[in-house]
Protein chains: 2
Amino acid sequence: MAEQGMKTAGKGAGRRTPLTREAILEAALHLCSPEGGGSLTFAKLGKELGADPTAVYRHFRDKDELVLALTDLLIAEAVELASGPNQARGHWRETLTDMSMAIRKVHLARPALAVLCAVRTTASPTETESVERIIGLLHSAGLPVIEAAECYRMLLDLTLAFVQVSATWMMLDPQAQAKDDAAWAVKYGLLPADRFPLLHQSSARLTELFRDDDAVFGLVLETFLDGVARRVARAQDER
Amino acid sequence: MAEQGMKTAGKGAGRRTPLTREAILEAALHLCSPEGGGSLTFAKLGKELGADPTAVYRHFRDKDELVLALTDLLIAEAVELASGPNQARGHWRETLTDMSMAIRKVHLARPALAVLCAVRTTASPTETESVERIIGLLHSAGLPVIEAAECYRMLLDLTLAFVQVSATWMMLDPQAQAKDDAAWAVKYGLLPADRFPLLHQSSARLTELFRDDDAVFGLVLETFLDGVARRVARAQDER
DNA sequence: ACCTGAACACCGTTCAAGT
DNA sequence: ACCTGAACACCGTTCAAGT
């Protein structure tokens with residue numbers, strides 16, 4: 001990430017209007033995106049707002065309060081994105097996939113925030129309604145309510161866990177990233193075919209998947225949902 | 001984490017023997033465990049070794065080199081732990097479960113390290129042999145080699161992703177943890193049964209699972225492996 | 001009532017000086 | 001050859017002083 005100042009937002013040099021919560025949140029959200037600089041610090045936030053860095057403390061008690069407020073915005077964005085095209089009634093599998101992908105997309109557009117909020121919980125009411133709907137969908141598919149809730153929970157955690165890893169990787173400094181890439185090349189690149197025949201055979205595919213986090217997550221999601229499908233089938237047999 | 005100095009290891013006050021790579025690694029590993037203080041900084045490492053904090057730079061180029069060396073130790077420990085009781089020949093499902101659980105256990109015993117290394121790759125030869133063996137097991141079960149390699153990759157990423165989340169949560173400062181707990185209680189505790197009938201019905205189970213990361217991961221692993229089993233069954237049908 | 005700016009504790013890292 | 005200690009850049013945060 002470049003050490004340059006950026007005046008992309010509609011503010012900057014001649015700030016005179018007093019700071020507002022909304023202006024701070026907007027600026028912070030922008031800083032968390034790669035285009036906005038890709039990291040969230042009080043110094044950068046102050047520069048972006050054209051104010052003293054510590055001025056933010058007048059509106060948020062500490063950085064954690066700021067992060068939690070940003071988290072609510074992110075969740076709202078994800079819920080909106082997921083409930084866009086396919087309305088209330090789709091197949092449960094599509095709906096779960098859409099939800100998961102929406103959460104992933106919204107987070108990975110702001111890695112610097114994702115890394116701070118993917119393990120957190122906020123009590124946003126927007127989300128609650130969406131959860132009720134999804135549990136309902138799984139229940140309609142044949143799963144007992146408790147099991148439907150479990151599946152929802154698993155999928156949410158699965159999605160956020162992979163988000164956390166991808167975002168952490170994105171936030172890693174380029175030197176460390178390069179070292180990892182090199183290690184990977186050594187590891188699966190030049191394996192003696194006689195000692196590691198199977199790895200040798202599959203090394204092309206493994207290399208393909210190496211830094212394609214989206215592809216790996218896609219595969220994991222499919223496999224996991226196959227497992228959920230088996231639960232659904234089992235529940236239907238028992239009735 | 002207490003701000004106290006600790007002289008738990010067999011060193012401390014009167015160091016005279018010169019620093020070695022091994023002594024540094026041992027001390028660092030200890031610092032990363034909850035009993036050892038739970039965080040890895042040069043200041044603490046220096047105190048633990050009874051040396052100036054910057055003395056470590058004579059043996060590791062920077063913190064990242066130290067972390068990567070520690071990662072290799074962790075991987076070796078996991079491989080050893082996993083290949084303990086059940087020898088080469090077990091059912092593939094048990095073997096995969098053992099491997100996953102061993103990786104999880106070894107990492108979560110040092111959250112401060114896990115948080116730094118769960119997304120990293122090192123080229124440790126110890127690991128490579130274990131991977132070849134596991135792909136072989138899945139291949140014997142009926143999966144084509146490429147697909148066996150994919151399943152291995154998915155499971156490893158799945159395991160490390162959940163490790164990363166659990167470790168990040170453990171490293172969160174207690175105040176933030178308390179806020180999350182409170183948010184959760186608000187969210188699923190007092191939901192109006194008329195507006196959220198399904199969530200209301202399952203709130204007991206959801207609360208039960210809330211901070212029980214091990215339980216959630218156990219469920220996810222089972223469901224994921226059900227998905228892998230389906231792949232295996234499908235592959236056998238095609239022959 | 002809100003903002004500024006100096007100050008502090010805590011990170012990783014560098015480098016000249018010690019033995 | 002290895003270690004020490006002062007110094008620096010960069011974090012979040014506090015607080016007295018400004019308007």
Side-chain angles (χ1 to χ4, degrees), chain A residues 1-5 11-24 27-28 31-32 37-70 112-113 115-117 120 171-176 179, chain B residues 1-5 11-24 27-28 31-32 37-70 112-113 115-117 120 171-176 179:
Chain A
M1 314 292 163
E3 292 294 292
Q4 307 293 46
K11 41 215 63 124
R15 149 166 306 283
R16 266 308 69 202
T17 57
L19 245 38
T20 63
R21 242 181 103 90
E22 284 69 33
I24 294 172
L31 282 178
C32 291
S39 70
L40 181 64
T41 70
F42 279 89
K44 291 189 182 176
L45 193 49
K47 190 182 280 181
E48 178 85 6
L49 290 165
D52 191 273
T54 63
V56 177
Y57 282 95
R58 238 54 53 192
H59 299 86
F60 295 92
R61 196 154 57 81
D62 54 22
K63 190 176 180 179
D64 198 55
E65 289 297 335
L66 178 59
V67 167
L68 292 181
L70 292 169
L113 176 58
V115 119
L116 298 173
C117 79
R120 307 302 297 278
M171 295 298 291
L172 218 58
D173 83 301
Q175 270 198 26
K179 260 193 285 185
Chain B
M1 314 292 163
E3 294 294 291
Q4 306 294 45
K11 42 215 61 127
R15 150 166 306 281
R16 266 308 68 203
T17 58
L19 245 38
T20 63
R21 243 182 101 89
E22 284 68 34
I24 294 172
L31 282 179
C32 292
S39 69
L40 181 63
T41 69
F42 280 89
K44 290 188 183 176
L45 192 48
K47 190 181 281 182
E48 178 85 7
L49 290 164
D52 191 273
T54 63
V56 177
Y57 282 95
R58 238 53 55 191
H59 300 87
F60 296 92
R61 196 155 56 80
D62 54 21
K63 190 175 180 180
D64 197 56
E65 289 297 334
L66 179 58
V67 168
L68 292 180
L70 292 169
L113 176 58
V115 120
L116 297 173
C117 79
R120 306 302 297 277
M171 294 299 291
L172 216 60
D173 83 302
Q175 270 197 25
K179 260 193 285 185

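Letters A, B, ... are given to chains in the order of the sequence lines, protein chains preceding strands, and every chain is numbered from 1.
The listed nucleotides are C/dG12, C/dT4, D/dT4; the one nearest the side chain of B/Ala51 is D/dT4. The side chain of B/Asp52 approaches D/dT4 more closely than any other nucleotide in the set D/dT14, C/dT4, D/dT4. In the set C/dC11, D/dG12, C/dT4, D/dG12 carries the atom at the smallest distance from any side-chain atom of A/Tyr57.
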Subject >> Verdict with reasoning, A/Leu31 to A/Thr41, per side-chain contact (heavy atoms from CB on, under 4.5 Å) >> reply: CA-CA 9 Å; A/Leu31 282 178; A/Thr41 70; over 6 Å; no
Subject >> side-chain contact (heavy atoms from CB on, under 4.5 Å) assessment of A/Leu116 paired with A/Leu70 >> reply: CA-CA 10 Å; A/Leu116 298 173; A/Leu70 292 169; over 6 Å; no
Original post:
Given A/Val56 and A/Leu49, is the side-chain contact (heavy atoms from CB on, under 4.5 Å) satisfied, shown in steps?
Top reply: CA-CA 9 Å; A/Val56 177; A/Leu49 290 165; 4.3 Å; yes
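Panel note: side chain B/Lys63, backbone B/Leu40; a donor-acceptor pair is recorded below 3.5 Å. A donor-acceptor pair under 3.5 Å is absent between the side-chain atoms of B/Asp64 and the main chain of B/Val67, judged by distance alone.
Listed by residue number, there are no residues of residues 60-68 of chain B with a heavy-atom contact under 4.0 Å to DNA chain D.
Rounded to an integer number of Å, the gap from A/Asp173 CG to C/dC11 C1' is 15 Å. In this structure, CZ of A/Arg58 is placed 12 Å from P of D/dC15, rounded to the nearest angstrom.
Secondary-structure stems of DNA chain D, taken as three or more successive Watson-Crick or G-U wobble pairs (i with j, i+1 with j-1) under a 3.5 Å distance threshold, comprise C:4-8 with D:12-16, C:12-16 with D:4-8.
A/Ala69 approaches A/Phe60 most closely through the heavy-atom pair CB-CE2, 4.0 Å.
Using a 4.0 Å heavy-atom cutoff across all strands shown, B/Leu40 reaches sugar-phosphate atoms only and no base atom.
Interface remark: the B/Thr54 side chain does form a donor-acceptor pair with the D/dG5 base, using a distance-only criterion of under 3.5 Å.
In this structure the side chain of A/Leu19 reaches within 4.5 angstrom of the side chain of A/His59, judged on heavy atoms.
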